[in-house]
Amino acid sequence: MDQNGKRLVYADNAATTAVSPAVLDAMLPFYKELYGNPSSLYSVGNAAKKPLEEARAKVARCLGADTNEIYFTSGGSESDNWAIKGVAHKLKAQGKTHIITSKFEHHAVLHTCAALEKEGFTVTYLDVHENGIVVPEELEAAITDKTALVTIMYANNEIGTIQPIPEIGAICKKHGVLFHTDAVQAVGNVPIDVKAQNIDMLSLSGHKLHAPKGVGALYIRRGISIPNLIDGGAQERTRRAGTENVAGIVGLGVAMENAMATMEEKNAKLRRMQDKLIDGILKIDRSRLNGDRIKRLPGNASFCFEGIEGESLLLMLDLKGVCASSGSACTSGSLDPSHVLLAIGLKHEVAHGSLRLSFSDMNDESDIDYILEVLPPIVERLRSMSPLWDAIIHGRTV
Amino acid sequence: MDQNGKRLVYADNAATTAVSPAVLDAMLPFYKELYGNPSSLYSVGNAAKKPLEEARAKVARCLGADTNEIYFTSGGSESDNWAIKGVAHKLKAQGKTHIITSKFEHHAVLHTCAALEKEGFTVTYLDVHENGIVVPEELEAAITDKTALVTIMYANNEIGTIQPIPEIGAICKKHGVLFHTDAVQAVGNVPIDVKAQNIDMLSLSGHKLHAPKGVGALYIRRGISIPNLIDGGAQERTRRAGTENVAGIVGLGVAMENAMATMEEKNAKLRRMQDKLIDGILKIDRSRLNGDRIKRLPGNASFCFEGIEGESLLLMLDLKGVCASSGSACTSGSLDPSHVLLAIGLKHEVAHGSLRLSFSDMNDESDIDYILEVLPPIVERLRSMSPLWDAIIHGRTV
Amino acid sequence: MAYSEKVMEHFANPHNVGEIKDADGVGEVGNPKCGDIMRMYIKVENDTIVDVKFMTFGCGAAIATSSMATDLVKGKKIEDALKLTNKAVMEALDGLPAVKVHCSVLAEQAIKAAVSDYYRRRGIDPTPIVGELEDCEEESCACTL
Amino acid sequence: MAYSEKVMEHFANPHNVGEIKDADGVGEVGNPKCGDIMRMYIKVENDTIVDVKFMTFGCGAAIATSSMATDLVKGKKIEDALKLTNKAVMEALDGLPAVKVHCSVLAEQAIKAAVSDYYRRRGIDPTPIVGELEDCEEESCACTL
Ligand SMILES: Cc1ncc(COP(=O)(O)O)c(C=O)c1O
Ligand SMILES: Cc1ncc(COP(=O)(O)O)c(C=O)c1O
């Protein structure tokens, strides 16, 4: 990607993706002539209803769900909140006041769990170990007769590791415990089948797969009834009120369909790029890859560089036209190191030097080449300025 | 408005409005080159941050609020839910378990109140009388030392009546009770000043004023702390998680600014159109205007026609290219007559024959002329088919 | 909720609208509180419905099902007309939205009510022939009869 | 969080980076757990800071404030250098995001730490001259000193 003659490599697709031209094309009519309210009787409104339901069918198909198990929301955070708070509040009356999650969930899950703790729920935060993967046996051991819900993310947003979802689904089924997964990073990148994998609820967000920001969905298996997060009008079969974001929803449908149709090819390409990137970056002295090398999203790789502080690394990369992040976009501006990197056992001072590079089908191998060209000198330069580096290479603790 | 040579009169702007070309123009860059995450460090993301904050400043200015009292949401329903559930859950611990609202609020308020009733809150539903207006003295009399919140809509969506908001604000202030108003129908149509009017919280929704569907805002007066509805990332100063719908938010800012700049002129025009419409329609035998004739939104007029069922009236109008509704779009498909019309004292059989015509600055007087041309023969035709009409005109009860 | 083209056709130009002054049977079902009333008139010769007309107060589906149901029984022997089911009316209209199925039931019932009236006028108890006519409950407007 | 152009200028091409091997005073503040460490070296002649250099591990603001602070004290009398406030550093950089204000405090403190070291090496108690140096707490990284 070039812009104004300057090379631009967008390597932060785990934070958000560009809306693809096909998605935008599909959305535009709903910002123009098809502006009607899909709940209306007359033709202008009705013309919006059909595409809305077609988008629902597309999303359902991509997940192996039934059409009427899909509820559109404003994004991944809303879906996570609805699923987790919904189950908690529903099952509280039955004395089920325990939730199992992992230490490195997205804040949309962790802060929701924290809010429930304040209400009196107890939450078990499973270890994710050095490789960034939950151990199913540990999960099973954590289940008690008070357990209302297991919520484990499908793939981690900061380090890209993929969790053993089918195994977790089977365990939850065996114990009769509901299973929700935050699949915001996984949808469109790995094949998902909610029925085969025994997933009861699944959150997804459009802007991670070339649909716009501000639209997402929650899959709720038929038969599961949880209270609404947003009460009001009869939209979404009375379970999520609010005039539907028709353009966004139609965009989401198109984006999901495209992602499914091109997944295999895209992933083969991204894997090749990822291998090259990891091999190249690990040549840098005192660098490490975060999380399992194999069980990871093909488009996501996270590294740490000793003696480097993440923000200055990102700014230097930005000056070279490389957009990256140190971890989750939601917490940048925060001064604390990533809870994800601490969860996989990194020390604070190492966790500060993190770099996440995440790619989509809009990237190609030349982007990797460019990053491998500009990154090592930047790391070297920052280390040469660092009062710690000398101590680090001479093995003194800092 | 003409389309395919067929005359199209869109008279359902209270349900939703068309995105204006100026709004769409402002949004498009965020679906193209400015796709970055506004929470990101690098320039592509940062380029989205500034417009986001500018939009917040615009919205604040239009309400007389401070910039950091505005929180963006996915729409009016979310804002209503957040405000009402938030205050309720916050003040419950202090024994404040009483809420005052009116009988004819939008379902986003009524169903939220109903959900709270299930949790043990008590709710007073104030009468709105024949003219569709809450009486401040009755509101004051309903306040007890347990009252946590008063939530009264600024203007009704089905019949357009405007409530005595400054009076209610003053009463709430006097009694130290929080005051929320659902101003979804009012914003952009009447001058609002949250400080002068003593409004503590205010909900608004973009798609009612030519911004897109799926974006809205909640004004929360500084100093009021309520629990989040959507927990997670640090967006919206940690009070509303989720990657920001940048395009929608920018669109909302532009729409609000445009609405404010043109309000006086627009309202003068809409008032003229409304007077002509009401005078014209009331010439139809056994027709009535719903709600106060004067204290109403200039763009909203609701009627009932005895002996007519609303849906067939709407369908006949649609065949003539007139898009209208019987009331709230959220409930069409429902078979029960509008709770709003029942609240102003109409009988079921009369409430069934309702018609809401709502206009925006995109309409003009020729639309009124056209409606006045096609509506009377339709009413006549339906009445001629009706087995009730004979009895009605002969004064027999049906 | 979207109506089929067929429904819209019958709604926009309903067949058999009106009264039959010297009808042999008149049946009315529904109630105004629920927002749907159908009144059907039949003219019978040699056990055959030679003419049928309706007056309906109600939604688009109520008008369209009235139109279709009258079409379907016109010229039929009474015994065949009594076999008319709401399903047949719906199918002939290429379907109805779920919330509108009750309208097709009303149309079926209106025909039966008219036939019952025809028998009653002739001193014949219609119940063994036509069956019990369940009335739409005042309470629940979305009656599923 | 967006940096001013001035901050980005000093970040991209920081002034006075490096060590002074035969420094007359060296001061270090911050800690790696918090993600910010500044070390400043000064060379003093006739009570004047004739040279100053820094080594910084930290965010963009940490590097830019180090660069700006060293610029501001270079060539100054010690007594004037000690008047440098974090506010002055921030103003010279056209402001800092709220979450980054502590970096300007660190820069001010780093200069003072180097001057203290200079006095200490000469056997003079720096406290009456430089004042108490509050150290950034391990606990709270967003120290507001
Ligand atoms: C008065 C009122 N409140 C709330 C809403 C809900 O807004 P939204 O559809 O944006 O959620 C609407 C319209 O739908 C409304 O008219
Ligand atoms: C794993 C994960 N969950 C949830 C979210 C929240 O999604 P959204 O920003 O659409 O609310 C994100 C990304 O922001 C994510 O990566």
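Each chain gets a letter, A, B and so on, in the order its sequence line appears, and its residues count up from 1.
- The residue among A:V19, A:T16, A:I230 with the most heavy atom pairs within less than 4.5 Å of chain B is A:I230.
- Highest contact tally toward chain A, considering only B:P21, B:A247, B:G36, is held by B:G36 [criterion: heavy-atom pairs under 4.5 Å].
- Interface remark: B:E119 contributes no atoms to any contact with chain A (heavy atom separation under 4.5 Å).
- For the options A:C323, A:A115, A:S74, heavy-atom pairs under 4.5 Å to chain B are most numerous at A:C323.
- One finds the OG atom of B:S326 at 10.5 Å from the NE2 atom of B:H352 (value rounded to the nearest 0.5 Å).
- With respect to chain A, the highest number of heavy-atom pairs below 4.5 Å among B:P227, B:G251, B:G214 belongs to B:G214.
- With chain B as the partner, the residue from A:N81, A:L229, A:L315, A:T17 showing the most heavy-atom pairs under 4.5 Å is A:N81.
- Looking at A:L24 and A:L28, their side chains come closer than 4.5 Å, going by heavy atoms from C-beta outward.
- Taking the six-membered ring where tryptophan is involved, the planes of A:Y31 and B:Y31 are essentially parallel, since the angle between them stays under 30° and well short of 60°.
- By number of non-hydrogen pairs under 4.5 angstrom with chain B, the leading residue of A:L314, A:V109, A:N245, A:D231 is A:D231.
- Taking 4.5 Å as the limit, every side-chain heavy atom of A:K208 sits out of range of all side-chain heavy atoms of A:V187.
- Side-chain contact, B:T112 with B:K85: no donor N or O sits under 3.5 Å from an acceptor N or O.
- Of the two parts of A:N228, only the backbone, made up of N, CA, C and O, holds a non-hydrogen atom closer than 4.5 Å to a non-hydrogen atom of chain B.
- Chain B forms more heavy-atom pairs under 4.5 Å with one residue of A:S20, A:S205, A:A324, A:G248 than with any other, namely A:A324.
- In this structure, the side chain of B:E236 does not engage the main chain of B:R239 through any donor-acceptor pair within 3.5 Å.
- Of the listed residues (B:G75, B:A241, B:A114), the greatest number of heavy-atom pairs within a distance under 4.5 Å of chain A belongs to B:A241.
- No cation-pi contact links A:R240 to A:Y71, judged by a cut-off of 6.0 Å to the six-membered ring centre and 45° from its axis.
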